[in-house]
Amino acid sequence: MGLGRIAGSLRPERRRGALLAEPGRLELLSLAALIDLTPAKAAAEGESPNLRAVAALDHAVLERELARRTGDLQRLANAYVAAEGAARDAGTEQRLLAGGRLQTALCEL
């Protein structure tokens, strides 16, 4: 089952977010698939703060899951930084702010 089949008929830019929205779905992915989903670079500075926050939150979720599976402390540190960035860029978007704070707290456990 490919990524498109899991996320349904969502727009391509929202498919990854839909995949990451439920932790149980991450368990279905192999380690190699998770690494492939990890973005090569952060969102561009020219993008809106909300888009940067969504990208940072996705990055935090993926990095934290990779850290959990591999025990890599650097990935956990990357997840924490990305989660803080998501919360900072969330502005008045309460769901993004809550998601960023939740990921930050999960990294601290």
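Below, all heavy atoms of this structure are taken into account, side chains as well, without hydrogens, waters or symmetry copies.
The structure places CG of L109 at 8.5 Å from CZ of R64, a figure rounded to the nearest 0.5 Å. How far CG of N78 is from CG of D72: 8.0 Å, rounded to the nearest 0.5 Å. The distance from the CD atom of E65 to the CD atom of E27 is 5.5 Å, given to the nearest 0.5 Å. L102 CG to L97 CG: the interatomic distance, rounded to the nearest 0.5 Å, is 11.0 Å. To the nearest 0.5 Å, atom CG of residue L31 and atom CG of residue D36 are 10.0 Å apart.
The number of heavy-atom neighbours closer than 6.0 Å to CZ of R95, taken from other residues, nucleotides and ligands shown, is 12 or below.
At least one side-chain heavy atom of L26 sits less than 4.5 Å from a side-chain heavy atom of V61. For the pair L62/I35, no side-chain contact is recorded, criterion being any heavy-atom separation below 4.5 Å from C-beta on. A 4.5 Å side-chain heavy-atom check between E84 and R101 finds at least one atom pair inside the cut-off.
The heavy-atom pair separating L96 from V54 by the smallest distance is CD2-CG2, 3.7 Å. The nearest pair of heavy atoms linking A83 to Q103 is CB-CB, 3.6 Å. The heavy-atom pair separating A79 from C107 by the smallest distance is CB-SG, 3.7 Å.
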For this session: Show your working on side-chain contact (heavy atoms from CB on, under 4.5 Å) between E63 and L76 and close with a plain yes or no.
Result: CA-CA 6 Å; E63 287 285 355; L76 188 60; over 6 Å; no
